[in-house]
Amino acid sequence: MTSRVLAPFGARTANVVARRETGGYVVFTALDADGPDPAPGQFYMLRSDGWGSHGGRPFLPRAFSVAAAERTADGVRLEFLVEAVGPGTSLLASLEARAELTITGPLGRPFSEPSEVNPAAPGAIMVGGGIGVAPIAILRRHLTEQGIPGRTLLGFRDEAHSGGLELFGACQEVGLAFEDGHRGHQGYVTDLLQVALKGDDAASAAVYACGPPAMLEAVRAICAERGAQAELAMEAPMACGYGACFGCAVPLADGGYMRLCVDGPVVRADEIETALVAGSGHR
Amino acid sequence: MTSRVLAPFGARTANVVARRETGGYVVFTALDADGPDPAPGQFYMLRSDGWGSHGGRPFLPRAFSVAAAERTADGVRLEFLVEAVGPGTSLLASLEARAELTITGPLGRPFSEPSEVNPAAPGAIMVGGGIGVAPIAILRRHLTEQGIPGRTLLGFRDEAHSGGLELFGACQEVGLAFEDGHRGHQGYVTDLLQVALKGDDAASAAVYACGPPAMLEAVRAICAERGAQAELAMEAPMACGYGACFGCAVPLADGGYMRLCVDGPVVRADEIETALVAGSGHR
Amino acid sequence: MSYEIGSLSLDHPVLNGSGTFDAIAARRAFGDALLEDFPFSAFVSKTITPEPRAGNPPPRLYETPSGMINSIGLPNKGLDGFLSNDLPQLAELPVPLIVSVMATDRAGFERLVDGVGGRDEVAALELNVSCPNVKSGLIVGEQPSETHALVTALRERTEKPLIVKLTPNTADPAAVAVAAEEAGADGVSLINTLRATGLAPGSAEPWLGAGSGGLSGPAVRAIALEQVRRVAAAVSIAVIGMGGIETAADAAEFMASGAGLVAVGTANFRDPGAGIRVRNGLKNLLDDTSTLHLNLRSN
Amino acid sequence: MSYEIGSLSLDHPVLNGSGTFDAIAARRAFGDALLEDFPFSAFVSKTITPEPRAGNPPPRLYETPSGMINSIGLPNKGLDGFLSNDLPQLAELPVPLIVSVMATDRAGFERLVDGVGGRDEVAALELNVSCPNVKSGLIVGEQPSETHALVTALRERTEKPLIVKLTPNTADPAAVAVAAEEAGADGVSLINTLRATGLAPGSAEPWLGAGSGGLSGPAVRAIALEQVRRVAAAVSIAVIGMGGIETAADAAEFMASGAGLVAVGTANFRDPGAGIRVRNGLKNLLDDTSTLHLNLRSN
Ligand SMILES: Cc1cc2nc3c(=O)[nH]c(=O)nc-3n(C[C@H](O)[C@H](O)[C@H](O)COP(=O)(O)OP(=O)(O)OC[C@H]3O[C@@H](n4cnc5c(N)ncnc54)[C@H](O)[C@@H]3O)c2cc1C
Ligand SMILES: Cc1cc2nc3c(=O)[nH]c(=O)nc-3n(C[C@H](O)[C@H](O)[C@H](O)COP(=O)(O)OP(=O)(O)OC[C@H]3O[C@@H](n4cnc5c(N)ncnc54)[C@H](O)[C@@H]3O)c2cc1C
Ligand SMILES: Cc1cc2nc3c(=O)[nH]c(=O)nc-3n(C[C@H](O)[C@H](O)[C@H](O)COP(=O)(O)O)c2cc1C
Ligand SMILES: Cc1cc2nc3c(=O)[nH]c(=O)nc-3n(C[C@H](O)[C@H](O)[C@H](O)COP(=O)(O)O)c2cc1C
Ligand code: FES
Ligand code: FES
């Protein structure tokens with residue numbers, strides 16, 4: 001990282017080259033022939049054929065965090081983890097290989113290196129929840145490649161909402177929490193974070209989190225209380241993704257709003273007033 | 001015929017069960033499980049999945065003459081001949097077997113029996129042009145089944161626009177005209193009509209015609225001049241197909257307009273002022 | 001829950017928009033099946049005028065993203081033709097009849113209200129005020145004062161419920177609604193269509209025979225909802241909300257925004273049974289208060 | 001073919017709609033590639049106000065059939081912040097700068113026109129008059145008289161071209177355009193967004209933080225085209241047409257209807273390069289007079 005990787009100007013096409021189902025979610029791979037390698041935490045605006053076909057919606061493109069990126073001879077293979085929650089995600093989740101996407105990206109501010117988050121940090125504590133594990137997956141791989149130590153804590157509601165776990169492949173060094181307790185810790189992933197921060201010197205932590213607003217808000221509050229530095233990858237409804245519409249407002253700690261698409265989606269936990277933003281995020 | 005067959009109230013679903021390409025056109029078959037057998041000359045309002053996906057269009061359903069109807073144990077198999085001229089016809093032409101249609105019909109006033117068109121008529125003279133041969137095909141089969149004699153005259157611009165000929169199957173007793181002269185008479189199908197009416201006593205003719213506005217207008221003028229009785233199956237832009245919108249206006253000979261969807265699409269040639277209606281019909 | 005427009009009480013909240021369903025023609029197409037499960041709790045006629053009108057030259061329809069423009073031009077048989085030809089057939093419908101009327105001067109409106117209002121077959125009148133007043137040159141429904149004057153004059157001539165069909169082509173529809181209420185109207189209906197045009201493909205000329213027309217359908221729904229919300233907040237007479245309603249969920253949004261009744265318009269074209277779908281779906285939503293926490297307002 | 005707004009001459013007819021493209025933010029996302037092929041012949045800033053504004057509480061976006069509602073609430077740094085932070089960056093753009101300004105009283109507008117109009121980096125001003133006049137309580141752009149008075153007062157204070165951004169939420173936009181022209185405006189731009197709302201799914205509450213907002217996108221194109229046609233027929237100053245333009249063919253329809261220039265708004269959100277597509281496509285259409293017989297009007 002992790003300066004922001006610039007996007008080519010304008011929307012371009014990319015084809016779906018693979019698709020798999022995992023739990024209730026879909027992971028699809030798009031081959032981006034013309035774009036650069038994204039930085040962990042960045043996102044793309046996506047749309048496909050069929051946009052507009054459900055009573056005129058979806059109309060705007062939809063934002064998706066990149067979950068994995070692999071450079072090949074033909075371009076970058078971008079992986080996205082999709083939960084079908086409405087007309088746009090349903091369409092994207094139903095795309096088959098060879099389907100054409102219209103994409104813009106990579107966009108937004110990526111995660112910082114642990115040493116940027118906290119110069120005292122020996123490594124990273126990564127916290128992912130639900131569909132929000134996507135950017136944690138690419139961050140984790142990035143840190144591993146760089147030989148930077150990191151612990152990963154993942155939380156899921158139940159089996160049906162744990163499809164994102166698949167992105168973490170065979171690696172077993174992941175702390176797991178399930179709300180229904182059928183695996184790992186019974187409860188929230190933030191319980192695991194509490195424990196992790198207790199063991200460590202919280203002041204030397206570099207926490208990274210992505211997940212539902214309630215989880216992010218808990219992470220924010222815990223880190224604030226413990227004096228831990230944290231970066232949160234947030235969501236907000238977006239029309240454009242590049243600062244044009246001012247739609248993606250997130251309230252700042254010192255008043256006013258930021259535009260999450262250009263000043264985020266990764267934000268410093270102490271920048272924002274709350275991670276519970278009306279209209280934003282997955283349940 | 002041929003009183004109007006009533007449609008079930010409300011749009012219903014029907015599945016595409018077969019599709020073939022013929023010339024530049026597509027013939028598809030829909031299985032209508034719940035509808036009645038249509039009368040020749042009637043039409044259906046059709047739409048499919050993907051409506052709205054080309055920049056918000058097509059929005060309204062589209063009208064199609066039924067080209068063949070066959071009762072089976074599972075319902076009526078309805079054949080439609082489609083020329084892709086815009087977003088709606090392109091979508092319908094691309095449907096594969098099993099695709100779901102939303103249909104309303106049969107609608108409109110069908111062709112009359114020859115004896116109703118002209119009590120003196122020994123049979124029928126059927127004139128079809130281009131994509132407009134569809135209702136002529138079902139009319140012809142109907143008359144054949146009833147043992148009513150009929151002559152069929154078909155005109156096409158060129159090979160590429162003669163896909164409708166396929167609806168007339170193996171039967172060779174069809175008079176053909178091609179504008180480019182590559183087959184049959186070189187010129188217009190109305191030339192063949194002129195000849196046919198010269199041979200006969202025009203006053204005892206029952207002419208049926210469907211085709212582009214210019215052809216229908218020529219048929220109208222020829223029949224008016226020769227004192228021949230004729231019925232024309234016309235087209236007009238339609239929003240509803242059942243008299244609700246007053247959009248499908250066709251000027252009447254004695255002033256004012258008719259609604260083509262309920263007072264047509266089959267009209268008596270002497271009812272209308274002209275078959276050349278602004279905004280209507282194929283080129 | 002009761003659905004009322006002045007003294008007229010209806011069985012359910014779903015009407016048709018004037019000019020978007022012709023019960024006489026529909027009966028020709030669908031037969032008496034139409035009467036067995038008639039979609040609407042009252043039938044609103046297409047607007048009639050004092051004298052017969054042929055309507056606008058074709059083309060009369062233009063399709064837009066998620067909507068359509070019509071420039072039909074109010075073809076109708078005129079008052080006398082309506083009374084002699086259409087009224088007996090409309091009287092056979094299983095629901096009350098609301099007749100929509102329009103004229104370009106006071107005298108014309110008076111003739112219509114006298115002629116239609118005097119008939120027992122007619123339950124209520126809707127005043128289509130999206131018309132110029134030939135005297136002032138102003139569109140009546142765009143001006144609170146013009147609307148007030150017209151409704152005041154017509155109010156005296158009939159005891160039947162009077163509904164004013166509001167135009168959306170004005171800065172403040174709520175002000176016009178208030179004027180209608182003050183002048184004695186029993187209800188307002190909105191929205192009518194928004195002025196719009198489209199060109200013939202690849203040409204510089206308008207496609208429509210009359211040059212321009214009115215936009216309707218889902219494209220206008222968000223505009224309609226906002227106008228209904230504002231109007232409903234300003235008046236306490238019946239509010240009939242319409243504009244792009246396609247589903248029961250759409251209709252529920254209008255009711256949650258203050259419309260006691262709703263009307264289905266353009267959706268009838270895509271599905272003649274749209275009214276039945278909306279009515280039945282709405283019934284389920286209204287019955288099951290747990291699924292939808294609608295703060296429904298009944299009149 | 002020349003593209004002029006008063007004394008300002010532009011290279012091609014495609015601008016951006018105010019508030020739909022932020023060149024400073026876009027440069028952060030796309031880098032200097034943005035400057036190498038800048039889509040627009042002039043850059044129109046988001047509307048600024050005398051004092052800083054935070055904007056409306058979220059959610060600020062609502063998606064509708066073929067369109068969207070925004071209720072952004074004009075977040076901006078205020079005049080001073082704009083001049084010190086934004087203007088230097090906007091001056092780096094390869095095209096002339098048009099600054100959009102709005103205030104709720106005459107004095108505020110005067111401060112803006114003096115402050116912005118005095119800067120060499122600024123080529124022209126656009127007056128966003130979709131705002132209430134706190135004195136009269138009326139929305140300036142809905143009233144010909146209010147618009148006339150405001151433009152007359154501001155006209156004296158700057159030699160730079162003045163464009164009046166018309167609101168579509170009024171019965172007769174052409175009357176407002178004529179008032180602007182008579183008061184000395186060099187151009188009018190239209191349409192701004194149409195007042196609209198939408199509810200949170202399954203709820204009776206408006207989705208938007210501010211309750212309602214403005215509709216834009218293809219859904220409004222047919223309304224915009226009609227208003228442009230009427231306005232262009234009524235004035236002889238520059239007309240900048242916008243509202244749902246997504247393609248060069250859409251833009252050509254506006255030009256055929258009397259707009260000398262066009263602006264791309266919501267389409268920028270779906271494709272940051274929409275302006276380039278429209279500009280290049282329009283160039284082909286305008287060059288190839290055989291394919292499209294557009295009766296184009298240049299100013
Ligand atoms: C930076 C970023 C990264 C993201 N990454 C991912 C990811 O990796 N995987 C993933 O699955 N998702 C991700 N999301 C979320 C994803 O973008 C949304 O789920 C998607 O936009 C939903 O679109 P939809 O059409 O399916 O549903 P919508 O219908 O758009 O519904 C989604 C939300 O919008 C509300 N809503 C409903 N109707 C409307 C309306 N008419 N107008 C406005 N709002 C409405 C709903 O209440 C709901 O909260 C990300 C979002 C952001 C901002
Ligand atoms: C009774 C009847 C029977 C028919 N039978 C057949 C048949 O058997 N087979 C067949 O192929 N066709 C038939 N048609 C014609 C068919 O319905 C039309 O070709 C179809 O509606 C075109 O739809 P589209 O979306 O493909 O094209 P459209 O885009 O709708 O274009 C078709 C016509 O509409 C005009 N147009 C373009 N844009 C617009 C717009 N925005 N709004 C309004 N008009 C516009 C075009 O200039 C063109 O003339 C029949 C029509 C009728 C009325
Ligand atoms: C084809 C058509 C014809 C219409 N005719 C009338 C009419 O005669 N009188 C009237 O008051 N409204 C008329 N309207 C307006 C509708 O009643 C309704 O107000 C409007 O279409 C908005 O609702 P919708 O979007 O559901 O169609 C007409 C609308 C359409 C589409
Ligand atoms: C998100 C958004 C923000 C806007 N902000 C402004 C603004 O600050 N000032 C202004 O004059 N118009 C503003 N507009 C209106 C646009 O400039 C334009 O007039 C309108 O959106 C219609 O064009 P479109 O349909 O192409 O978007 C805004 C529109 C949108 C969608
Ligand atoms: S999504 Fe448009 S400014 Fe952020
Ligand atoms: S198509 Fe609607 S009345 Fe004929």
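In this text the structure is predicted, and so the values were computed from the model without any measurement.
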Main-chain N/O of [Y] paired to [X] side chain as donor or acceptor, under 3.5 Å:
| X | Y | result |
| --- | --- | --- |
| R28(D) | V262(A) | yes |
| R4(A) | A29(D) | no |
| E63(D) | P58(A) | no |

SG/C248(A) to CD1/I72(D) distance, rounded to the nearest 0.5 angstrom?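 Going from SG on C248(A) over to CD1 on I72(D), the span is 8.5 Å.
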
Quick one: CZ on F59(A) to CE on M68(D), what's the gap to the nearest 0.5 Å?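 Reported to 0.5 Å precision, the distance equals 7.5 Å.
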
Within a 6.0 Å radius of atom [atom1] on [X], are there more than 12 heavy atoms belonging to other residues, nucleotides or ligands?
| X | atom1 | value |
| --- | --- | --- |
| R98(A) | CZ | no |
| N85(D) | CG | yes |
| N15(A) | CG | yes |

Name the member of [options] that forms the most heavy-atom pairs with chain D at distances under 4.5 Å.
| options | answer |
| --- | --- |
| G256(A), G247(A), C261(A) | G247(A) |
| T102(A), V277(A), D263(A), V250(A) | D263(A) |
| P61(A), P251(A), G241(A), G52(A) | P61(A) |

Counting only heavy atoms closer than 4.5 Å, note whether [X] contacts chain A via side chain, backbone, both or neither.
| X | value |
| --- | --- |
| N268(D) | both |
| P57(D) | both |
| D37(D) | backbone |
| I24(D) | neither |
| S71(D) | neither |

Using a 4.5 Å cut-off on heavy atoms from C-beta on, say whether the side chain of [Y] contacts that of [X].
| X | Y | result |
| --- | --- | --- |
| F9(A) | E36(D) | no |
| C245(A) | N70(D) | no |
| F269(D) | M238(A) | no |

Minimum heavy-atom distance [X]-[Y], with the two atoms named:
| X | Y | value |
| --- | --- | --- |
| R60(D) | Y257(A) | NH2-CD1, 3.3 Å |
| A249(A) | P58(D) | O-CG, 3.7 Å |
| R270(D) | L60(A) | CG-CD2, 4.4 Å |

Of the listed residues (F21(D), F30(D), W207(D)), which shares the most heavy-atom pairs with chain A below a 4.5 Å separation?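 Of the candidates given, the most pairs with chain A belong to F30(D).
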
Shorter than 4.5 Å, heavy atoms on both sides: which option in A54(D), P272(D), G273(D), P65(D) has the most such pairs with chain A? P272(D)

For R259(A), is it the side chain, the backbone, both or neither that has a heavy atom under 4.5 Å from a heavy atom of chain D?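 When you check distances to chain D, only side chain atoms of R259(A) fall under 4.5 Å.
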
